[in-house]
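All remarks here apply to the structure that follows.
These numbers were taken from a predicted model, which means no experiment stands behind them.
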Amino acid sequence: MLTVLRIGPYRFLFYSSDFREPKHIHVCRDDDMAKFWIGPVRLANNIGFSAKELRTIEKLVEENEKKIEKSWNEFFGSS
């Protein structure tokens, strides 16, 4: 697992097995987790976050999409 960013209570991360899927980021807080595809940003799945909090997280993913994609390419290689 690679933590890419920490913003407020959120941790943005990849798992080593994620290379099998399109580019995405997992976002965790406590026991809640969401997964967002990037390019374009859209929710893939959610466990525990409210709709309001998901909108906040989605905005954070959008604001940091270039950094997330750069980190993905460095960790997994460009695709």
So if I apply the side-chain contact (heavy atoms from CB on, under 4.5 Å) rule between Ile7 and each of Val61, Leu60, Val27, which one comes out positive?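 By the side-chain contact (heavy atoms from CB on, under 4.5 Å) criterion, Ile7 pairs with just one of Val61, Leu60, Val27: Leu60.
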Pair listing, ring-ring contact (aromatic ring centres under 6.0 Å, His included) test, anchored in residues 27-46, at least two apart: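 The answer is His24-Trp37.
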Under 4.5 Å between side-chain heavy atoms, hopping through other hydrophobics if needed: is there a path connecting Met33 to Ile68? no
Listing, residues 39-48 side-chain donor-acceptor contacts under 3.5 Å, not counting sequence neighbours, or none:
unit_1: Arg42; atom_1: NH1; unit_2: Pro40; atom_2: O; d: 2.9
unit_1: Asn46; atom_1: OD1; unit_2: Phe49; atom_2: N; d: 3.1
unit_1: Asn46; atom_1: ND2; unit_2: Phe49; atom_2: O; d: 3.0

Restricting to salt bridge (Lys or Arg N to Asp or Glu O under 4.0 Å), what partner residues turn up for Lys67, sequence neighbours left out?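 Result, salt bridge (Lys or Arg N to Asp or Glu O under 4.0 Å) vs Lys67: none returned.
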With [X] via side chain to side chain contact (heavy atoms under 4.5 Å, CB included) - residues at least two apart:
X     : answer
Phe76 : Phe14, Asp18, Phe19, Trp72
Arg20 : Ser17
Arg11 : Met1, Thr3, Arg6, Leu13

Find the distance between OH (Tyr10) and CD1 (Ile57) and round it off to the nearest 0.5 Å. 4.5 Å
Can you tell me how far apart CZ (Arg55) and CD (Glu53) are? Round to the nearest 0.5 Å.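 The CD atom of Glu53 is 11.0 Å from CZ of Arg55, to the nearest 0.5 Å.
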